[in-house]
Structure formats: structure tokens, C-alpha cells
2 protein chains.
Amino acid sequence: MSDWEPPIANIAVDLVVLTVRQDALHLLVIERGIEPYRGALALPGGFVQEDEDLPDAARRELMEETRIPGAPLHLEQLRTYAEPGRDPRGRVISVAYLALAPNLPTPTGDTDAARAFWMPVSRLTGATGRPLAFDHANIVRDGIERARSKLEYTTLATTFCPERFTITELRRVYEVVWGARLDARNFQRKVLSTEGFVVPTGEIRRGEAGRPARLYTRGLATNLFPPIAR
Amino acid sequence: MSDWEPPIANIAVDLVVLTVRQDALHLLVIERGIEPYRGALALPGGFVQEDEDLPDAARRELMEETRIPGAPLHLEQLRTYAEPGRDPRGRVISVAYLALAPNLPTPTGDTDAARAFWMPVSRLTGATGRPLAFDHANIVRDGIERARSKLEYTTLATTFCPERFTITELRRVYEVVWGARLDARNFQRKVLSTEGFVVPTGEIRRGEAGRPARLYTRGLATNLFPPIAR
DNA sequence: TTAATAGTGTCTATGAGACAGTATGCC
DNA sequence: GGCATACTGTCTCATAGACACTATTAA
């Protein structure tokens, strides 16, 4: 390691916040109110403050820009994006975080800098979608891919669910995130035979059409072995 | 994203370079020749230069500090470490990279700043090991864990092997990295039945005791499905 | 001939995937 | 009763894991 030199870059955090609502995978985006990319869609995020740790900065930016009560259930570091030229203002190194949350209310964050809302990812990846600012499209792609693969071998799917959920709701999470159909019977067997994936509450959800469903909570297990095939 | 502010931190890259030699997993370390942590062991790395991309910085530092001819076969971003206080000189954000290499010659890098050499990881993790500078012990732990899990579901083990290798050599890589015995017969069957993992060269290695072994090269496959259980 | 390593074959238990039927609510 | 959804059960095929034998060299 060479001698001490003056800092060359700003440090930012950007968040890929995913949720499942209305049977579709949604991403939390902001509409930028300032230059550069004014009016474009972007990920929530911002510069890290002095003596501020990165997860703290991520949570702070999320609160400031979205005003969503209650932190997301899962927050993990995704990757760092540092290509020179990725920000027209100068060199910015962005540490991206991936957050998974249950179906939260529509954010009310509406500062002068940004307006936040949920956007179906299908309207971002397709050709008809609005482009994202900076290199955020790459970050989103990486975040979604991380989420998809983590559903295979971890119990993270439950973080998309409310406190109490049915097996069918859990399966819908998989189907929506993966964009594929799963056999309800095999899925049921797999989930219930995996120790610590879900815990029965004894409660029953009634009121909807069809046979009432048992309600479960998240179990203590974090890893799935064997994994669930995509 | 808020308004532009002055940079608050330096950007560094640090490398976890792993190899298998003498039937043991080895880490490339440097002995620091300058303060702080002068005389302590540390990971190769250094500050990122203006307009320099991170992978380029990683390769440059590796060359400068180790003078090992030929780049490592695999280089991937590991994680970013940014906790305030991790460097006594001031705030430094370090983007760690994981590199896997075949059994390379002992590095000749011996600048005034650092002296580089291979160290068995068993002498770093145990209680008898020399401590590493900064938070590099955490980085090494994360790097080794990444390597271990990637052997399960990717063909990365071949990057620890020379250009031509035997199935037994490949199995040794798994055994050394995982610290566990594998059944030679089941391993053979698994590797050869996975399309594109290894490609037979038709050559035979003779001269050693026992029946001569067939030589293989890396195949085109990158992922293993189903994975190899640890 | 013996030692040492390379490679092949067989059996079994487990689990994924495909599929049919039963249970229990609301209308 | 009819419909919709929840849940249980069965069969088959693939494969991981355990284990024994044969093949081919050097000393």
C-alpha cells in the first residue's frame, strides 16, 4: 500500500429495494428532481456522510427519500460500482445495497429532490420501460439476479411476506420473482419438510373463497438444503 | 441523491489471492515495510488512481507488489469494507477482490514498501498465526468462504489447477479448500458426467508411481448443476 | 511380485417432478 | 349443490453416497 494521497472520489450508496405487490415484482424508484438526469427515474440513494457506516447511510437515505415506516426486513451489500465516468459530475463510487421488503404502503416521500414510488420491474426491463439514470439499470439487473438466486438456497422469500402468511402466498413470491409456475403440491411438500423454513401458528385465514388456509410465520432457518430448483 | 459534496474518503483495493500448493490452501500476503502496521502481514493492495477502474487497480497492485508473471485466472469483486476507523490514517473505503490462481512461483516482489510471499491459511486462522493488519482478517475470512461456496456450484476449482491436470489433482483442490475428504470414485463419476467441466486431452501422465493418469483441460462450462456437496 | 495410484461397476436411499384425489370453506 | 381453493398421497426417475473390484505402471 503506497503513501497517503488526497481522496479522489465521492462515496455513495444506492438501494435496490424489491417487494411483491399485486402479483408482480416491484422496485422502489425515485423521480429525480435535480440535475443531472432531472426527471429521470433512479434508485434511492445518496452520498455517505463523514464517519457514517454504509448500512446506516443506506437506511438513512431510504427513510429520507421514501418515508416508509419500518425498516426493510433484509438489507445486504450487493456490489460496488466505480467505473470512471458513471456520474457526469465527477468520480463517484457507489456501493449498492439490496433490500427486500413485504408489501409496504406507497411511499410518501416527496422532497424537492425526489419523488418515490413503486414500479413493476416489467416496466423497467422491457423495451417500453423508462430508462434509469446513471448505470442504475445494471445495478437493478444485478440486484434482481441476486434476489432470484438467493430464493433458491435461502429462506429469504419469507421477507417478502407479511408477518403471517399462507403457503400459497409464499409460493406466489417464488412464482413472481422467478417468473415461473411452481407445482403447488410439490412446493407444499418441500416447504413443510424443510425444518425451520416456516412455523405453523395454528391460525386459519378465512373469509376468502375456497378452503381456509393455515397461517405460518418465518422459521429460524436461513439456508435451504437441498435448494429449490428454479 | 443530495447535492455535490467534497470527497470524504480514499478508495483502495485489497486482494485475497488464493492458491493451492503443497496440498494446502495458501494466501498471498505482504509484510508491510511502512507505517501503519509496519512489519505486520497484510493483503496486497493500494489506492485507486484517478480515472482508474477497480479491476485495473487490482491487477496493477498485484503486479507492483508481487511481480508474479501472468495474471491470475480468476478475479472477481468480493465485498466493500468501509467501516469508519478501519484505517488509522483516516477514512479508507476498500473494495476487496478475490483472485484464484494455480500454483505460481514464489513472488519476487520486494519493494521498499512490502515483501510478498505465500502463507498457508492454516497459519493465519489458527491461534498461533500472525495477526493481519487493518480488518484484513475479516476480508480473508470472507474471501475463503466465497471460494469454498463457489467450488460447490461453479467450475472454479479448475482455476487452481495448471493448464493440464488429472482428476485426482482436481479432487485435491476440493479437499484442500474444503478441508474434507471426498470419495475418489464418486468424484470421478460426478466430474466426468458434468458436461463441459473438463475436457480430455488424450495425453497421459507417466513417470510417477501407480497407474498413469489421463490429463484434462478446463471445459467451457462455468456452472455446476447439480452442485457438488461440501 | 509388490506397492501405489487410476479407473469402472453396483447397490440403495433420498428426493424432485409429474400427477390424482380428498377436504373445507363460501355462494 | 357447485365452485374455488387448500391440502394429502402415489409413482417414477435421477442421482448422491457408500462400497469392491480391476487396470496399469514403477520399483
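Chain naming here is simple, since letters A, B, ... match the order of the sequence lines and numbering starts at 1 in each. For clarity, every value in this text was computed on a predicted model and none was experimentally measured.
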_Strictly below 4.0 Å: does Lys190(B) bring a side-chain N or O up to OP1 or OP2 of dT15(D)?_
no

*Confirm from the modelled atom types if Arg185(A) and dA20(C) form a donor-acceptor pair under 3.5 Å, side chain to base only.*
yes

*Taking all heavy atoms of Glu195(A) and all of Ala221(A), pick out the closest pair and write down the distance.*
O-CB, 3.6 Å

*How is Thr168(B) classified with respect to the nucleic acid when contacts are heavy atoms under 4.0 Å: base, sugar-phosphate, or nothing?*
sugar-phosphate

_Categorize Ala229(A) for me: base, sugar-phosphate, or nothing, with a 4.0 angstrom heavy-atom threshold over every strand shown._
sugar-phosphate

*Are the charged groups of Glu175(B) and Arg172(B) less than 4.0 angstrom apart, N to O?*
yes

_On a heavy-atom basis, which atom in Ile139(B) and which in Val16(B) lie closest, and how many Å separate them?_
CG2-CG2, 3.7 Å

_dG25(C) OP1/OP2 closer than 4.0 Å to side-chain N/O of Arg206(A)_ = yes

*Can you tell me how far C1' of dA18(C) sits from CZ of Phe187(A), to the nearest Å?*
17 Å

*Rounded distance (Å) that lies between atom P of dT5(D) and atom CG of Leu215(A)*: 17 Å

*Provide, to the nearest angstrom, the distance between the CG atom belonging to Asp183(B) and the C1' atom belonging to dT15(D).*
14 Å

*Is the shortest side-chain N/O distance from Arg214(B) to OP1 or OP2 of dT8(C) below 4.0 Å?*
yes

*Between atom CG in Leu192(A) and atom P in dA16(C), what is the gap in whole Å?*
13 Å

_I want to verify a distance call: between dG17(C), dA16(D), dA6(D), whose nearest atom is closest to the Arg189(B) side chain?_
dA16(D)

*With a distance cut-off below 6.0 Å to the six-membered ring centre and an angular limit of 45° from the axis, does Arg214(A) pair with Tyr216(A) as a cation-pi contact?*
no

*Whole Å only: how far is the CG atom of Leu182(B) from the P atom of dC19(D)?*
15 Å

*asked:* Whole angstroms only, please: what is the CD-P distance between Glu208(B) and dA3(C)?
replied: 20 Å

*Measure the distance from CD on Gln188(A) to C1' on dA16(C) and round it to the nearest whole Å.*
16 Å

*How many Å lie between CD1 on Ile167(A) and C1' on dT8(D), as a whole number?*
14 Å

*Is there a donor in the side chain of Tyr81(B) and an acceptor in the side chain of Asp142(B), or the other way round, less than 3.5 Å apart?*
yes

